[in-house]
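Accompanying notes for the structure given below.
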Amino acid sequence: MNNRRQHCLSMLRICKTLKAIKQIHASLVTTGHHTDPFFAGKLLLHCAVTISDALDYARTLFLHFPNPDVFMYNTLIRGFSESGTPQNAIFTFMDMCRKSVDPPDSFSFAFVLKAAANYRSLKDGIQLHCQALRHGLDTHLFVGTTLISMYGECGSVQFAGKVFEEIRQPNVVMWNAIVTACFRSGDVKGAQKMFDRMPVKDLTSSNIMLAGYAKAGELELAKKVFLEMSLKDDVSWSTMIAGFAHNGCFDEAFGYFGELQRVGMKANMVTLTTVLSVCAQMGAFDFGKILHGFIEKSGFSWIISVNNALIDTYSKCGNVGMARLVFERMPDKKSIVSWTSMIAGLAMQGHGEQAIQLFKEMEDSGIRPDGITCTSILYACSHAGFIEQGCAYFSKMMDVYNIEPTIEHYGCMVDLYGRAGKLQKAFEFACKMQIPPNDIIWRTLLGACSIHGNVELAEHVKDKLSELDPNNSGDHVLLSNIYAVAGKWKDVATVRRSMTDQKIKKTPGWSMIQVDKFIYSFVAGEKPNEITKEAFDKLREIMLRLRVEGGYVLEVVSVLHDIEEEEKEDSVSKHSEKLAVAFGIARLCKGKVIRIVKNLRICRDCHTFMKLISKVYGLEIMVRDRSRFHSFSNGSCSCKDYW
DNA sequence: TTAGGGTTAG
């Protein structure tokens with residue numbers, strides 16, 4: 001019997017797929033061991049916990065087992081608690097209380113409380129707490145710790161505190177749990193107090209403080225703790241990098257990465273994915289390439305998450321070819337994140353057909369899309385003008401893949417109709433949504449009204465926005481631009497006045513360009529300096545050449561005021577991306593691709609301008625705007641003028 | 001205790 005047990009265990013150890021699990025199950029049935037609690041328990045554990053997609057099979061196994069013991073109940077609860085449907089863990093737990101001969105133990109409570117925490121159900125959490133109390137397990141170290149975590153996740157720091165104070169001698173894990181719970185509930189001061197009270201602090205406790213401060217945006221406090229730490233590990237460093245990156249302080253995030261290397265600490269895979277995501281957000285292509293080289297050399301290139309980050313980085317830095325190369329190189333190891341990143345990357349570049357083709361390949365290879373994959377394919381359709389395909393994917397998502405649409409999916413659909421000029425359809429769709437439309441939905445529609453010049457609907461939509469997000473400067477500017485295009489100058493003035501009255505400031509546009517090792521940024525309306533003077537001089541020269549050789553005429557519709565034509569020209573010609581591209585032409589070597597990152601969307605005039613430069617100067621220009629890429633070459637753009 | 005894919009707009 002012992003030999004058989006050993007054999008079964010070693011079989012399970014090497015078993016990685018559901019198919020292999022089924023074979024082991026079949027062999028247990030032939031020998032009659034499938035009803036033995038030992039074998040059944042181990043098999044169940046493997047299905048419910050170890051293998052990622054075998055939870056349904058675990059449930060079937062469980063249901064066919066005549067008298068499941070506590071271990072089997074706990075295993076199924078554990079599997080469900082980490083799944084997409086943690087509520088099932090609660091149902092299994094209730095079933096256990098009703099039917100099982102043995103009562104739930106500390107493990108049952110630890111797992112089921114984790115489930116309540118995972119879907120943030122305070123109501124279920126409290127009921128489970130009462131049950132734990134009834135069984136005398138509420139002060140058990142494991143159960144108590146999960147109770148604290150659960151209350152923290154559910155935002156109830158008071159209850160977490162009450163549980164904590166009941167424990168006579170909390171260990172360090174429990175202290176960490178109460179500090180985390182405070183941070184989770186947004187109680188930074190409480191976390192600080194608890195941290196000060198801790199009798200013993202280990203490295204983990206300090207790391208929790210770093211992460212908590214950083215997530216709360218308290219970067220100075222995080223820095224202080226970091227400096228005071230006598231011992232720092234790789235987690236401390238990557239927490240700092242991620243913390244600064246999350247708060248938009250990319251330079252400092254990079255700084256910590258440099259410092260980490262200087263002190264001789266080794267970057268782990270989390271650090272690398274974090275730094276890559278900073279590159280992606282900044283559009284820092286050259287640095288991304290250096291990191292890629294480092295990853296290859298240091299043996300991280302087989303890790304799925306690192307590859308996913310590389311795909312995303314290359315995509316967001318405009319090199320979809322390199323992204324594709326990384327993607328193709330991971331044949332059996334693509335995760336749903338890999339597929340989604342690649343589809344989104346293609347979509348951002350305006351390669352709608354290729355995105356759809358890849359989605360098909362994914363389906364053919366038996367991979368099920370998740371909600372985010374569906375958002376990406378809908379995004380691809382809306383940005384390529386594929387209305388029918390977009391609608392078909394939306395239906396397929398619900399009917400075939402059983403995915404409930406979220407606000408993001410609805411957003412894509414409103415964009416799909418709106419961008420294509422079907423404004424009425426877009427409006428009706430927004431009104432009929434299963435969830436209440438948020439500001440983004442209405443803003444999408446306002447953007448569509450701007451593209452297609454529909455003043456009446458724009459005013460109606462702006463009213464909705466004024467209820468949901470009244471101080472958003474972009475909405476005011478957009479409405480003002482819509483009026484300006486329609487020549488309604490009185491209305492333009494009214495919007496302008498209300499912006500001044502409410503102290504709403506227009507976000508200035510900026511563009512960045514890297515030349516050699518430096519990043520230069522150009523901000524609309526900033527004071528002239530040496531760099532901008534150089535850019536302006538070059539820009540004047542370029543404009544002249546484009547007028548003569550390319551027949552360029554400024555498009556000046558999208559300017560706020562009713563001002564003289566000449567002044568409008570001046571305003572449009574100052575757009576930051578024009579200055580950045582002029583600077584690039586002045587400073588970069590011939591033949592080098594000009595890469596620009598911009599914070600807002602590119603305007604129609606700048607778009608025409610870039611197309612002409614690419615033709616007249618024989619250059620390749622890449623502009624990453626707020627939401628996508630424009631690759632200009634030989635007089636045309638990859639977005640096919642649809643954006 | 002750290003990370004990684006998604007909707008809009010200025």
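Nothing here was measured: the structure is a model prediction, and the numbers come from that model.
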So what does [X] touch, heavy atoms closer than 4.0 Å: a base, only the sugar-phosphate, or nothing?
X: A:Leu446; result: nothing
X: A:Leu276; result: nothing
X: A:Arg419; result: sugar-phosphate
X: A:Lys215; result: sugar-phosphate

Quick one: the side chain of [X] and the base of [N], do they pair up donor-acceptor inside 3.5 Å?
X: A:Ser341; N: B:dG5; result: no
X: A:Thr373; N: B:dG5; result: yes
X: A:Thr444; N: B:dT8; result: no

* B:dG6 phosphate, OP1 or OP2: any side-chain N/O from A:His383 under 4.0 angstrom? ->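 Checking A:His383 against B:dG6: no side-chain N or O falls below 4.0 Å of OP1 or OP2.
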* Asked: When you check the phosphate oxygens OP1 and OP2 of B:dA3, does a side-chain N or O of A:His246 lie under 4.0 Å from one of them?
  ->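 Checking B:dA3 against A:His246, a side-chain N or O does come within under 4.0 Å of OP1 or OP2.
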* Can you sort out the partners of A:Ala110 under side-chain contact (heavy atoms from CB on, under 4.5 Å), two or more places apart, ordered by chain and number? =>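 Counting only residues at least two positions away or on another chain, A:Ala110 forms a side-chain contact (heavy atoms from CB on, under 4.5 Å) with A:Thr146.
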* Asked: Which residues in residues 461-474 of chain A have at least one heavy atom lying under 4.0 Å from any atom of DNA chain B?
  ->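 By residue number: A:Ser473, A:Gly474.
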* Asked: Where the side chain of A:Ala242 is defined as all heavy atoms beyond and including C-beta, which of B:dA3, B:dG10, B:dT8 is the nearest nucleotide?
  ->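 That would be B:dA3.
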* Report the residues that fulfil side chain to side chain donor-acceptor pair (under 3.5 Å) with A:Asp202, sequence neighbours left out, ordered by chain and then residue number. =>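 By the side chain to side chain donor-acceptor pair (under 3.5 Å) rule, A:Asp202 matches A:Ser205.
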* To do: Please name all residues satisfying salt bridge (Lys or Arg N to Asp or Glu O under 4.0 Å) with A:Glu218, sequence neighbours left out, ordered by chain then number.
  =>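 Expected list: none.
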* To do: Go through the structure and list residues passing salt bridge (Lys or Arg N to Asp or Glu O under 4.0 Å) with A:Glu296, not counting sequence neighbours.
  =>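 Salt bridge (Lys or Arg N to Asp or Glu O under 4.0 Å) list for A:Glu296, sorted by chain: A:Arg329.
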* Asked: Just by distance, do the side chain of A:Lys598 and the backbone of A:Trp510 share a donor-acceptor pair under 3.5 Å?
  ->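 The answer is no, because no donor-acceptor pair under 3.5 Å joins these two groups.
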* By ring-ring contact (aromatic ring centres under 6.0 Å, His included), which residues pair with A:Phe254, not counting sequence neighbours? ->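 Expected list: A:Phe287.
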